[in-house]
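Below is one structure, written out as structure tokens; the observations come after it.
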Protein chains: 2
Amino acid sequence: MATGRNHRPATRSRGIPEATVARLPLYLRALTALSERSVPTVSSEELASAAGVNSAKLRKDFSYLGSYGTRGVGYDVEYLVYQISRELGLTQDWPVVIVGIGNLGAALANYGGFASRGFRVAALIDADPSMSGKQVAGIPVRHVDELETIIHTNGVSIGVITTPGGAAQQVCDRLVAAGITSILNFAPTVLQVPEGVDVRKVDLSIELQILAFHEQRKAAEDLSRETAAPDRMRVPAEQRGEQGPEGDVPAVMPA
Amino acid sequence: MATGRNHRPATRSRGIPEATVARLPLYLRALTALSERSVPTVSSEELASAAGVNSAKLRKDFSYLGSYGTRGVGYDVEYLVYQISRELGLTQDWPVVIVGIGNLGAALANYGGFASRGFRVAALIDADPSMSGKQVAGIPVRHVDELETIIHTNGVSIGVITTPGGAAQQVCDRLVAAGITSILNFAPTVLQVPEGVDVRKVDLSIELQILAFHEQRKAAEDLSRETAAPDRMRVPAEQRGEQGPEGDVPAVMPA
DNA sequence: GAGTCTTTGTGCACGCGTTCACAAGGACAT
DNA sequence: ATGTCCTTGTGAACGCGTGCACAAAGACTC
Ligand SMILES: NC(=O)c1ccc[n+]([C@@H]2O[C@H](COP(=O)([O-])OP(=O)(O)OC[C@H]3O[C@@H](n4cnc5c(N)ncnc54)[C@H](O)[C@@H]3O)[C@@H](O)[C@H]2O)c1
Ligand SMILES: NC(=O)c1ccc[n+]([C@@H]2O[C@H](COP(=O)([O-])OP(=O)(O)OC[C@H]3O[C@@H](n4cnc5c(N)ncnc54)[C@H](O)[C@@H]3O)[C@@H](O)[C@H]2O)c1
């Protein structure tokens, strides 16, 4: 659990802010597209538009990498592709293991976008003995017993978990024990990991629930704005409209 | 470019902060698990631990919903499940369409966790004529020509895009024109949508690149700390303040 | 070489989110 | 009732991220 004890200057790393790191892949994708069209240079305004961000934000992001632009002209596309790739560590090869080759795991294994950026599926791993040896996306499925061997042999440091939620923590522990230090988790489970291990999660269910929240709010707004919607019907949400326009804010007690 | 002029308060909702909304599903999941074990009440400390967050943060999050706790005791599990569900809009049914029934789309269609929270797959849609009529996860695949009809008939307001990147914007435009106001995008494309439409994206490639960045940094640190690494073993890298895990960046586009 | 023009790089201010720390509030025992 | 103990709810401080606005800097023209 990530309770206290994290009393560190935090961003002691004069490195790149986390928010910036999360956007670099976005810029890289846009730049790659430009590169394929042989566009030599691009302005912050153009690139920002393509990446869907504010141009000032983009310039500030790039400023963390160094001064790679030319005032009055813009950024050299090829050069920037290289710099961002290098910064993200994409100039090297990252072997990856996928654990749990069911619906989702198989889809990921079949995903072409994997290899395109230096990520290579080193192995597919599943606990089901009947899967062993079968090929998925041209890669043989190995039994989970071999997990440690596979990781050591291939020097894998990134693991993807696509097992059912119940098995995720157990698989995670095993991955970490074997030396994995970065995990991408698709299971609906909050993984507990030791310090030094990064976990990122992708959770379809959470995303949908967030969308539902906003959807509900939009519906409530429309409803309160115009008592009767003249336009086409949009799921009149028959629920009793008990919930007013805005949740009541609890009274604040004076100190 | 719609620069300037767009001086809208953006977070017009003085309701629940976006960061809080993103955590509510996490709490809900933990609470549901407790509920299934018939645990009557839970303290902020316990629940926070289960959800992997700071307890003060959790209490503040709940305070936005109202005062649902009892001092000295904690929160009533069932009651809280209901309140959060209601707040997220999960007490109603949300029909969803999935567009692009390839590897990923099929995996999503097969995903059981969909129905568990009020989300119902109303239709699977694909452009490939040879897919039409075929069943995926017991649901017939419909041709994209029927998209508008399907959406209107079923009152769908949430769409999931799992087409190739090149088709994503086009599909998005069509969904929006048909009345969809929330989109979950799996394609590696920055979608342009009109105001009032929420887009959230799930991007495997970006997640991996972020992990690679941190992985590279960890490797560089280890290397500089000890000039020579004896084995392939990584040392317990007591990492400095580099907070890694929850680099969550909400992806709601204000448009 | 001087002037003009374009676009970068960044200082600065502001708002959101996180966390600490503690008083207020309620349950329970006596 | 009164006191004790526990946990909530939140005031306040702080740090991070964002976006405006502009000076600095290079390219290009004449
Ligand atoms: N399918 C989706 O679209 C989707 C979407 C969001 C989240 N998820 C989550 O992703 C996970 C996988 O979903 P799925 O639909 O592919 O499930 P699935 O049941 O099709 O596949 C799970 C696979 O994991 C294997 N497995 C089980 N325990 C294992 C273990 N201990 N070690 C190794 N392998 C093990 C199983 O043999 C099976 O092949 C689930 O946690 C699910 O909640 C799936
Ligand atoms: N498979 C993965 O694990 C994975 C992971 C991350 C991202 N993605 C992204 O998700 C998307 C889908 O991936 P996939 O592996 O399932 O691809 P896929 O090629 O297997 O499936 C794409 C499907 O979309 C359909 N399609 C194409 N154009 C369409 C249109 N205009 N309207 C409706 N349907 C259309 C195709 O007929 C096909 O069935 C891609 O953008 C991919 O980059 C996939």
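Excluded from the calculations below are hydrogen atoms, water molecules and symmetry mates; all remaining heavy atoms, backbone and side chain alike, are included. Letters A, B, ... are given to chains in the order of the sequence lines, protein chains preceding strands, and every chain is numbered from 1.
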Round to the nearest Å and state the distance from A:K57 atom NZ to C:dT10 atom P. 18 Å
Could you tell me how far apart B:E45 (CD) and D:dG9 (C1') are, to the nearest whole angstrom? 15 Å
Give me the one residue out of A:Y27, A:F62, A:Y82, A:Y68 that meets ring-ring contact (aromatic ring centres under 6.0 Å, His included) with A:Y75. A:F62
Look at all strands and tell whether B:Y75 reaches a base, only sugar-phosphate, or nothing, counting heavy atoms closer than 4.0 Å. sugar-phosphate
Are B:L88 and B:P25 side-chain neighbours, meaning at least one heavy-atom pair lies under 4.5 Å? yes
Using the side-chain heavy atoms of B:S63, tell me which of these nucleotides is nearest: D:dG9, C:dG17, D:dA27. D:dG9
A:Q92, CD atom: more than 12 neighbouring heavy atoms under 6.0 Å: yes
Regarding B:S205 and B:Q209, is there a side-chain donor-to-acceptor distance under 3.5 Å anywhere? yes
Selected nucleotide, minimal atom distance to A:T70 side chain, candidates C:dT7, C:dT18, D:dA27: D:dA27
Is it the case that the side chains of B:Q169 and B:T189 hold a donor-acceptor pair, with the cut-off being a distance below 3.5 Å and no angle test? no
Whole angstrom value for the distance that separates C1' of D:dT18 from CD of A:E18: 16 Å
Can you check whether B:S44 has a side-chain N or O nearer than 4.0 Å to OP1 or OP2 of D:dT7? no
In whole Å, I'd like the distance from the CG atom of A:D61 to the C1' atom of C:dT10. 13 Å
Nearest-angstrom distance from the residue atom CZ of A:R59 to P of D:dA21: 13 Å
Rounding to a whole Å, what distance do you find between A:F62:CZ and D:dG19:P? 16 Å
Strand contacts (DNA chain D) in residues 30-39 of chain B, 4.0 angstrom heavy-atom criterion: none
Classify the nucleic acid contact of A:Y68 as base, sugar-phosphate or nothing, counting any heavy atom under 4.0 Å across all strands shown. sugar-phosphate
Of A:T20 and B:G69, whose closest DNA chain D nucleotide lies nearer the 5' terminus? B:G69
Quick one about B:S43 and B:R59 (side-chain donor to acceptor, distance below 3.5 Å, no hydrogens or angles considered), yes or no? no
How long is the line joining CG of A:L80 and C1' of C:dT8, in whole Å? 13 Å
Whole-Å distance, B:L58 CG to D:dT7 C1', equals 12 Å
Tell me what A:S67 touches on the nucleic acid: a base, only sugar-phosphate, or nothing, going by heavy atoms under 4.0 Å. sugar-phosphate
Is there a donor and acceptor pair closer than 3.5 Å between the side chain of A:R71 and the base of C:dT8? yes
Please confirm whether the shortest side-chain N or O distance from B:N54 to OP1 or OP2 of C:dG17 is below 4.0 Å. no
Does a donor on one side chain sit under 3.5 Å from an acceptor on the other, for B:T32 and B:E36? no
Mark yes or no for a side-chain to base donor-acceptor pair under 3.5 Å between B:K60 and C:dT18, with no hydrogen or angle criteria applied. no
A:T20 and A:D61: side chain donor to acceptor below 3.5 Å: yes
Name the residue closer to the 5' end of DNA chain D, choosing between B:A56 and B:G72 according to the nucleotide with the nearest heavy atom. B:G72
